[in-house]
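For ligands, and for the atoms within them, numbers begin at 1 and follow the listed sequence.
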Amino acid sequence: MAIQRTLILCKPDAVSRGLSGEIIRRIEARGYLLIGMKLMQLDGERARKHYGEHEGKPFFGGLVDFITSGPLVAMAVEGDDAIEGMRQMIGATNPLQAAPGTIRADFAQQIGRNLVHGSDSHESAKRELSIFFSPSEIVSRKHDSHKWLVEK
Ligand code: DAT
Ligand code: MG
């Protein structure tokens with residue numbers, strides 16, 4: 001078990017559908033800490049950088065158009081094994097394959113409108129967090145304040 005940081009996005013579909021509160025509620029209910037958060041709209045350059053691994057794939061253009069289409073909520077989330085834990089909570093990329101109880105299964109229908117982004121590895125988390133947050137926008141929070149949730 002290790003304390004990890006991960007980038008979570010409530011994508012424009014989540015914000016426009018009024019689901020960012022529900023998504024944040026689930027993250028906090030799991031006991032993860034929000035250590036950075038902002039509402040912002042991405043420009044194409046930053047969107048292409050964030051989704052760089054998908055450049056050249058048939059859905060890349062649509063993905064960039066969609067992620068830049070409206071405001072999103074970007075969050076830096078911290079907790080025990082938070083990268084894998086958040087991926088579990090978000091569910092499989094295609095909402096049809098996502099397990100019931102995950103955000104995508106509970107609220108989404110289509111792969112191209114699947115509401116949430118979560119970093120998929122330590123390297124991705126590091127890279128993606130630096131695209132969305134400068135170090136001064138990350139707030140250190142003492143895990144002791146959650147000691148009833150986190151096993152030492
Ligand atoms: P994830 O968001 O689960 O990490 P990914 O990194 O493979 O999934 O893809 C990034 C996003 O791109 C995904 O959330 C939705 C979109 N996407 C992926 N595969 C797609 C496809 N076959 N058709 C349309 N959109 C797709
Ligand atoms: Mg991904």
Side-chain angles (χ1 to χ4, degrees), residues 1-135 137-139 141 150:
M1 213 158 53
I3 300 287
Q4 294 180 332
R5 293 177 172 186
T6 183
L7 176 78
I8 302 300
L9 304 176
C10 297
K11 299 199 259 193
D13 52 342
V15 174
S16 68
R17 289 178 58 196
L19 288 170
S20 38
E22 169 65 20
I23 292 162
I24 294 163
R25 188 196 67 72
R26 289 181 179 215
I27 294 169
E28 292 192 320
R30 182 89 180 255
Y32 295 139
L33 297 182
L34 288 168
I35 58 169
M37 179 155 75
K38 57 174 130 170
L39 182 76
M40 62 193 291
Q41 187 156 355
L42 282 191
D43 59 27
E45 188 184 348
R46 209 191 291 212
R48 283 188 290 275
K49 193 170 173 196
H50 171 64
Y51 279 128
E53 68 182 287
H54 298 299
E55 210 162 346
K57 295 182 185 171
F59 59 83
F60 184 70
L63 180 59
V64 169
D65 285 349
F66 163 62
I67 201 76
T68 57
S69 66
L72 54 76
V73 177
M75 288 174 276
V77 171
E78 188 177 79
D80 280 315
D81 297 317
I83 296 169
E84 188 186 342
M86 278 304 312
R87 294 282 296 186
Q88 258 176 17
M89 188 187 295
I90 292 166
T93 306
N94 187 338
L96 275 179
Q97 266 116 48
T102 61
I103 294 166
R104 285 168 171 170
D106 288 355
F107 301 112
Q109 299 173 36
Q110 298 176 11
I111 193 167
R113 296 289 183 273
N114 62 9
L115 299 170
V116 191
H117 169 84
S119 308
D120 66 4
S121 67
H122 182 68
E123 294 68 37
S124 307
K126 209 170 162 208
R127 188 183 75 80
E128 294 170 0
L129 282 166
S130 75
I131 293 172
F132 285 84
F133 292 97
S134 63
E137 292 171 324
I138 299 291
V139 177
R141 294 178 61 178
V150 177

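- For CD of Glu84, the number of neighbouring non-hydrogen atoms (other residues, nucleotides, ligands) closer than 6.0 Å is 12 at most.
- Contact record, His122 with Ile83: CA-CD1, 3.6 Å, taken as the closest heavy-atom pair.
- Using 4.0 Å as the threshold, Asp120 has no heavy atom nearer than that to any atom of ligand 1.
- The main-chain N or O of Leu7 is found under 3.5 Å from a side-chain atom of Ser119 such that the two form a donor-acceptor pair.
- Proximity of Thr93 to ligand 1, defined as any heavy-atom pair under 4.0 Å, is shared by backbone and side chain alike.
- Which of His50, His54, Gln110 comes nearest to atom 9 (O) of ligand 1 through a heavy atom is settled by distance: it is His54.
- Looking only at protein heavy atoms, the nearest one to atom 11 (C) of ligand 1 is Leu63 CD1, 3.9 Å.
- Of the options Arg104, Glu53, His117, the smallest heavy-atom separation from atom 2 (O) of ligand 1 is shown by Arg104.
- Which parts of ligand 1 touch Lys11 is read off a 4.0 Å heavy-atom cut-off, strictly below it: atoms 14 (O).
- Both the backbone and the side chain of Ile111 come within contact range of ligand 1, each with a heavy atom under 4.0 Å.
- Of all the atoms in ligand 1, the ones that sit under 4.0 Å from a non-hydrogen atom of Asn114 are 13 (C), 14 (O), 15 (C).
- A heavy-atom separation below 4.0 Å is found between Arg87 and ligand 1.
- Using a distance-only test at 3.5 Å, with no hydrogens or angles considered, a donor-acceptor pair links the side chain of Arg127 to the main chain of His50.
- Around atom NZ of Lys38, more than 12 heavy atoms belonging to other residues, nucleotides or ligands sit under 6.0 Å away.
- Proximity of a side-chain donor or acceptor of Glu22 to a complementary backbone N or O of Leu19 within less than 3.5 Å is not detected.
- Side-chain N or O atoms of Arg5 include none that pairs as donor or acceptor with a backbone N or O of Ala125 at under 3.5 Å.
- If you check which protein heavy atom lies closest to atom 21 (C) of ligand 1, you get Phe59 CD2, 3.5 Å.
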